[in-house]
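In what follows, every chain begins at residue 1, and chains take the letters A, B, ... in the order their sequences are listed. Note that this is a predicted model, so its numbers are computed, not measured. These values consider heavy atoms only, across backbone and side chains, with no hydrogens, waters or symmetry-generated copies.
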Amino acid sequence: MNIAFYLLALVAVLGAGLAITLRNVVHAVFSVLLFFSALAGLFLLMLAEFIAAVQVLVYIGSVGILMLFAIMLTTNVMGDPNRPVRSRGWVWGGLAVIALLAGVLLPLISRTGGQTPTPLSDFNPSVKQLGMVLMDPYFASVGVIALLLTAGLIGAVVAATGASEADQKKTVPANRPNYPNT
Amino acid sequence: MNNFFDLKLVELGRWIEAFFADFPSLKLVVHLLLCTLPLALSFMGAFAFTTWLERKGLARIQNRPGPNRVGIFGLLQPIADGIKMLIKEDIVPERSDKLFHFLAPIMLMIPALIGVGFLPLGDGLHALPLDSAIIFFFAISSLNTIAVFMAGWSSRNKYSLLGGMRAVAQMISYEIPLVLSAVAVIMIAGSLNAQEVVASQQISSWVGSGNILQEFFGRILGWNVFKPWGFAGFIFFFVAALAEANRSPFDLPEADSEIIAGHLTEYSGFKYAIFFMGEYISAFAIAGIGVTLFLGGWNGPVFSGLPWFVLKLFSLFAVMIWIRGTLPRLRVDQLMGYAWKFLFPLAILNIFLAGFYHFIERQWGTAIAMLAGWILGFGALQLAATALSRLNQSPIMRSKRVYQLVE
Amino acid sequence: MGLTLHHFLILSAILFSIGLVGALTRRHIIIMLICLEIMLNSANLNLIAFWHFSPNPLPLHGPLFTLFAIAIAATEAALGLALVLAIFRHYKTIDPESIQDLKE
């Protein structure tokens, strides 16, 4: 159990670290995919199988591909070798984050107890219970997420294609070739 | 007679493990090896056999002999192919991204091999018995798209990139009808566990009784493909599975008659063989899930268990080969239009049909449900399909044809 | 030494800070979005860790919350990338420091 945790944690930190330091954006996306899969492994270690499956399906299978497509559509793929990698205030940014980590997060963590997990005989998470709970008390949340996803879909299409009032009034040209007698 | 092979195999596994009863960690390793190694080896053997089957089958459909030099009926052809692939020069383009060019074939094999672990091969023969196995399978099969993109991008070749992007667009578009048609099955079976989905496809009241005839038919007629929503779902699942596995008629990314081989352009020798193997094994995995969800898994009349699963899997693969030899290839815009404008609405309607059938069955029994389901439900689906195909046709196809005679 | 809650929380804090450093210091819009996803994922890890180590874990505490968090994060990634496409079409650059129209 311990070896699996340390190995997965190492891969996760490696993936995230490479993602923020690599120059080539596509390499950075591949390393963040590695990070997502290490995280899916950690979810599986904590017996949340459904969430591990959803993590792989949504993050690696969809969000990762979305990022790759966005890179293909926006950047000069072969790369500009003189592009600056780090922003001008990077020293202050790094110091602020280290201050956050050491000053806020670690003291908070040390204050929580060092709990151990519940023994496996009592621990019985099942997807069926999750499904039943999603239907009965939390159905409104599912409806709200559905609305959010629909709004996100429509908004993404509008934002990405730049549809505007002027476009809607343009007439669609006839796409029939010019056959005689028709 | 039922579950004969499954019980014998499980007994064999326990007998082997009993030798290591004194060393618990070694026993764990042996248990893991027993779960995974036979599966991987037998699927690779099946891959070798299937390459022969495909070449021979396609050849007979196209009225030519096929491989017949290497052994009797050309049965040693896979060995000759393997030797040829191994001794070919491995060409890596100089400006390519060497690490990802090397990783892409491996990234295709890994999801394929993990995917065949989720198949319930028999009663108790299940390599990865997770509680949410079906959705895990769809998650793992979505890793194929990453491998294809990696192959297309790392070759630093604009044709590879174009082919790779097209292949990725095709695969992500067809994931949606694939998962939606599985959702109907999961909704009715009530569980994501593969063994439970298989067990729900026996008519349990008939199988438990002693009557031989009822037992015989109880193990066949319960399959999901004989219910109206299951039949439609199976068709959608099969078409989407063909597209996910990049097989004809959806094989635009890697077609034989295209000038460029898409994302596989810059791969030669052993890496190409690994790509080939990965694609075939992932086609096996998706066909296996199709068998589990719709064709009743390992249920069968007399020798219930592993032999029936293998029979169904190979017959589905034979249908894939048959379709490859028969139908022409779809163009890329026809492909995308088919997924989004035809299969996706129909798969959603299929879920409604499954719910409709389920509630009528609970209220009034199976016979009336079958009648109402096939006539009303399937009729509604057929109507929707006709309406959608009419709507999606371009104006040229809808206008009346005019013939011109040569004067 | 068995695994305790501390291990997971410290890992999640480290991952969050790595994401935050990336979001603050990189000069490419898409890398900033990637770092946003890293931060959201580390928060999900936190949620599941607290669920796993709680004394009476029902499925409606951990996975439910995490499921909604994943759905919302995916929507936000999609919208963010659509906005990146729109920005690129207008400014022809992906360097956030050269988009200075609102600066006087």
Side-chain angles (χ1 to χ4, degrees), chain A residues 3 18 22 24-27 29-34 36-37 40 43-44 47-73 77-79 124-132 135 153 172-182, chain B residues 95 97 99-100 103-104 107 110-111 114 118 128-150 152-154 156 158 161-162 164-165 168-169 171-172 175-176 179 186-187 189-193 196 394-405:
Chain A
I3 300 181
L18 282 177
L22 281 175
N24 190 341
V25 192
V26 182
H27 288 181
V29 173
F30 282 132
S31 66
V32 88
L33 290 180
L34 187 68
F36 289 148
S37 46
F43 287 151
L44 212 54
L47 302 179
E49 337 170 308
F50 185 65
I51 299 295
V54 170
Q55 165 92 2
V56 174
L57 188 61
V58 170
Y59 274 112
I60 305 183
S62 312
V63 172
I65 305 233
L66 191 60
M67 289 185 206
L68 288 169
F69 265 89
I71 291 174
M72 291 296 126
L73 287 171
V77 183
M78 297 307 145
N124 235 354
S126 80
V127 185
K128 195 160 190 153
Q129 287 177 350
L130 181 66
M132 284 169 52
M135 269 291 160
L153 177 69
V172 177
N175 58 355
R176 289 177 36 173
N178 203 2
Y179 291 129
N181 298 340
T182 48
Chain B
R95 285 181 60 238
D97 213 335
L99 176 66
F100 292 110
L103 275 181
M107 275 289 297
I110 293 178
I114 298 181
F118 288 109
L128 295 172
L130 288 176
D131 205 19
S132 45
I134 307 267
I135 195 173
F136 228 109
F137 175 81
F138 289 123
I140 298 286
S141 78
S142 73
L143 293 178
N144 288 336
T145 44
I146 300 282
V148 165
F149 183 84
M150 219 189 258
W153 184 80
S154 65
R156 296 287 171 103
K158 43 174 119 44
L161 189 64
L162 265 178
M165 305 280 284
V168 168
M171 289 167 93
I172 61 177
E175 266 177 28
I176 299 186
V179 178
I186 293 171
M187 191 171 86
S191 165
L192 283 170
N193 193 352
E196 277 185 42
S394 57
I396 305 176
M397 287 177 68
R398 260 185 266 155
S399 61
K400 204 162 148 40
R401 227 179 243 218
V402 171
Y403 294 97
Q404 254 193 330
L405 296 176

Show me the donor-acceptor pairs within less than 3.5 Å that the side chains of residues 130-143 of chain B make with the rest of the protein, sequence neighbours left out.
unit_1: B:Ser132; atom_1: OG; unit_2: A:Glu49; atom_2: OE1; d: 3.4
unit_1: B:Ser141; atom_1: OG; unit_2: B:Phe138; atom_2: O; d: 3.2
unit_1: B:Ser142; atom_1: OG; unit_2: B:Ala139; atom_2: O; d: 2.7

Exercise. Given a strict heavy-atom distance threshold of 4.5 Å, which part of B:Met165 is in contact with chain A: side chain, backbone, both, or neither?
Worked result: both
Exercise. Rounded to the nearest 0.5 Å, how far apart are CG of A:Leu33 and CD1 of B:Ile146?
Worked result: 4.5 Å
Problem set entry | Contacting region of B:Asn193 [heavy-atom separation from chain A under 4.5 Å] | neither
Problem set entry | Spatial distance of atom CZ (A:Phe50) from atom CG (B:Leu192) [nearest 0.5 Å] | 6.5 Å
For this session: Given side chain to side chain contact (heavy atoms under 4.5 Å, CB included), test A:Val26 with B:Phe100 step by step and report yes or no.
Result: CA-CA 11 Å; A:Val26 182; B:Phe100 292 110; over 6 Å; no
For this session: Using non-hydrogen atoms and a 4.5 Å limit, figure out which bit of A:Leu44 sits close to chain B: side chain, backbone, both or neither.
Result: side chain
Exercise. Given a strict heavy-atom distance threshold of 4.5 Å, which part of B:Ser191 is in contact with chain A: side chain, backbone, both, or neither?
Worked result: neither
Exercise. Do B:Asp97 and A:His27 come close enough that some side-chain heavy atom pair is under 4.5 Å?
Worked result: yes
Problem set entry | Greater than 12 external heavy atoms within 6.0 Å of B:Met187's CE | yes
For this session: Could you check if a side-chain atom of B:Val168 sits within less than 4.5 angstrom of a side-chain atom of A:Phe69, using non-hydrogen atoms only?
Result: yes
Problem set entry | A:Met72 vs B:Phe149 side-chain heavy atoms within contact, under 4.5 Å | yes
